[in-house]
Protein chains: 2
Amino acid sequence: MAEVRRTIDLLWFPDGEPEGKRRGRRPGLTVARVVEAGIALADAEGLEAVSMRRVAQELGVVPMTLYTYVPDKSALLDLMLDRLYLEMPRAEHPDRPWRERLAAVAGENRRLYTTHPWAATLPASRPPLGPGLMAKYEHELRAFDDCGLDDVTRDAALTFLIGFVQAAARSEADVRAAEARTGSTDFEWWQERGPVFELVFDQHRYPTATRVGAAAGSAMGAAYEPGHAYEFGLARVLDGLAALIGTAGSR
Amino acid sequence: MAEVRRTIDLLWFPDGEPEGKRRGRRPGLTVARVVEAGIALADAEGLEAVSMRRVAQELGVVPMTLYTYVPDKSALLDLMLDRLYLEMPRAEHPDRPWRERLAAVAGENRRLYTTHPWAATLPASRPPLGPGLMAKYEHELRAFDDCGLDDVTRDAALTFLIGFVQAAARSEADVRAAEARTGSTDFEWWQERGPVFELVFDQHRYPTATRVGAAAGSAMGAAYEPGHAYEFGLARVLDGLAALIGTAGSR
DNA sequence: GCGTATTGTGTACAACGTACAAGTAACAGC
DNA sequence: GCTGTTACTTGTACGTTGTACACAATACGC
């Protein structure tokens with residue numbers, strides 16, 4: 001319970017107690033510096049590089065020192081994520097049609113995950129209840145203004161839209177993580193397995209898979225842009241929401 | 001390279017070498033038993049309980065023994081997942097309209113993840129190239145027959161549909177994992193934070209968030225069914241694919 | 001200078017995947 | 001039955017993780 005209070009205070013009051021009359025030894029770091037070191041490390045080497053030991057090392061300090069500034073690792077991750085949310089650009093387009101507004105929201109999230117792929121791999125449940133998330137939530141809900149949706153449906157639609165963007169980003173983060181772990185690209189992974197696979201694979205047993213898999217594989221090999229699944233999916237998502245909003249979305 | 005061959009052989013030839021004239025000490029286990037122990041453990045206690053030590057313990061054997069049957073842990077996870085795929089029921093409905101066929105495919109995947117939530121948390125890239133995945137892929141592609149989609153689009157549409165179901169299942173798995181880790185439900189988590197949160201939260205600064213969040217929160221507290229986000233999302237996904245398939249999907 | 005509050009450090013534990021070397025059981029040929 | 005070969009089993013060891021706990025260092029109010 002006091003733990004809850006502690007973390008929420010850290011989120012909302014990044015500067016802590018007012019300066020001046022403080023008793024003991026002077027702190028050598030700040031919460032902000034710890035959070036920034038975590039973000040920088042995650043950006044550079046991925047979330048799995050963010051260990052308490054490694055963050056401490058980046059700050060020239062012994063691991064346990066971090067626990068003076070942050071209750072535990074999960075709180076640090078919360079602070080990192082809310083910080084990203086807080087820094088997202090939030091352009092308002094009240095005069096644009098709803099589809100463009102939703103596409104903009106999706107694009108903002110997409111950009112977040114492109115810049116910080118690790119953010120997509122954090123669980124969406126029990127989010128950081130900080131100023132970043134609140135500003136993001138407020139902003140994104142307003143993109144659904146004048147769509148004729150009741151509040152519960154508005155929230156569900158936003159969750160659906162955001163969830164799609166995060167899922168797409170997770171897939172791409174999975175690919176990158178596997179490439180970093182193994183040192184070989186996805187393309188090399190498939191190329192290495194192709195010959196072995198054909199030895200055990202019966203084309204007549206899986207005719208559709210053979211044909212479609214070959215088409216999809218060569219399309220991917222030829223002019224593959226990694227954002228294709230995202231572009232395709234986003235169009236479907238917006239079409240799906242269009243069927244819900246219908247003509248009620250006047251603008 | 002030989003490693004690749006080894007894993008693919010394990011996937012496609014579960015019984016290994018033919019019985020009879022074998023030289024050394026008789027194996028006390030089989031690959032199948034190891035895989036089944038892994039699945040049982042993941043079903044019972046979640047994927048994070050599936051350590052080599054723990055699986056070995058379930059089989060009454062020392063951890064390193066498993067490495068005789070399985071190259072490493074990631075191969076074990078591949079075998080576990082392909083086994084699930086292989087056992088999925090695959091009812092064909094060639095005479096049904098396309099929307100029902102896609103809904104059936106989604107439902108089959110949904111049921112997989114309901115029964116084995118840990119399967120949704122495994123990365124979708126670099127999948128297990130075994131008989132289970134191939135049968136699943138073939139079956140699910142055929143649900144798109146007579147939709148008028150070219151092969152590349154058919155694959156993209158299937159990936160989109162399956163990706164949505166997996167993402168929804170991941171969210172629910174995240175919730176369950178958090179509940180198992182902390183010992184308190186999501187509802188309790190929000191209840192505990194509510195009072196603290198209101199101390200720092202400015203309702204006038206986030207009017208839409210306040211109103212919609214309260215509506216969504218009380219709707220969730222009142223008559224919440226956990227599958228709501230899935231049902232809502234699936235309807236949007238199918239509507240989105242409908243806009244793509246249009247009237248070309250004759251049946 | 002002294003007590004006290006605060007920050008920084010060192011050590012320790014249990015868990016993880018798995019490399020490596022040694023031990024053990026079962027067969028083939030003699 | 002004996003021995004050599006092969007395969008399965010085991011014990012030990014390393015480096016990694018988050019963090020509990022006891023203690024050392026520092027700065028302020030008095």
- Message: Check this for me, if you would: do Glu138(B) and Arg90(B) make a salt bridge, where the nitrogen-to-carboxylate-oxygen distance has to be below 4.0 angstrom?
- Response: no
- For the side chain of Val61(B), counting heavy atoms from C-beta on, which of dT18(C), dT7(C), dT10(D) is nearest? dT10(D)
- Task: Identify whether the distance between the nearest side-chain nitrogen and carboxylate oxygen of Glu45(B) and Arg54(B) falls below 4.0 Å.
- Result: yes
- Message: Is there a side-chain contact between Thr65(A) and the phosphate of dT9(C), meaning an N or O under 4.0 Å from OP1 or OP2?
- Response: yes
- For Leu66(A) and dA20(D), give me the distance from atom CG to atom C1', rounded to whole Å. 15 Å
- Query: Out of dT10(D), dC21(D), dT4(C), which has the shortest distance to the side chain of Met64(A)?
  - Reply: dC21(D)
- Message: Measure CZ/Arg23(A) against P/dG3(C) and give the value in whole Å, please.
- Response: 13 Å
- CD of Glu188(A): more than 12 outside heavy atoms within 6.0 angstrom? yes
- Message: Main chain of Gly213(A), side chain of Asp155(B): is a donor-acceptor contact present, judged purely on distance under 3.5 Å?
- Response: no
- Query: Salt-bridged, Glu108(B) to Lys136(B), with N to O below 4.0 Å?
  - Reply: no
- Task: Could you check how far NZ of Lys73(B) sits from P of dA15(C), rounded to whole Å?
- Result: 15 Å
- Task: Between dC8(D), dT6(C), dT18(C), spot the one nearest the side chain of Arg25(B), thanks.
- Result: dC8(D)
- Query: Taking CG from Leu59(B) and C1' from dT9(D), how many angstroms apart are they, rounded to a whole number?
  - Reply: 14 Å
- Near DNA chain C, which residues from residues 35-56 of chain B have a heavy atom under 4.0 Å away? Val50(B), Ser51(B), Met52(B), Arg53(B)
- Salt-bridged, Arg193(B) to Asp78(A), with N to O below 4.0 Å? no
- Task: In whole angstrom, give the distance that lies between atom CD of Gln57(B) and atom C1' of dG17(C).
- Result: 16 Å
- What is the distance, rounded to the nearest whole Å, between atom CG of Leu29(A) and atom P of dT7(C)? 11 Å
- Query: Counting side-chain heavy atoms from C-beta on, which of dA27(D), dT9(C), dT12(D) comes nearest to Arg26(A)?
  - Reply: dA27(D)
- Query: Is it true that Arg83(A) and Glu87(A) have a side-chain N and a carboxylate O under 4.0 angstrom from each other?
  - Reply: yes
- Which nucleotide, dT10(D), dG8(C), dC8(D), lies nearest any side-chain atom of Tyr69(B)? dC8(D)
- Message: Please report the distance, rounded to the nearest Å, between CG in Leu76(A) and C1' in dG18(D).
- Response: 12 Å
- Message: On DNA chain C, compare the nucleotides closest to Gly24(B) and Asp72(B); which residue's is nearer the 5' end?
- Response: Asp72(B)
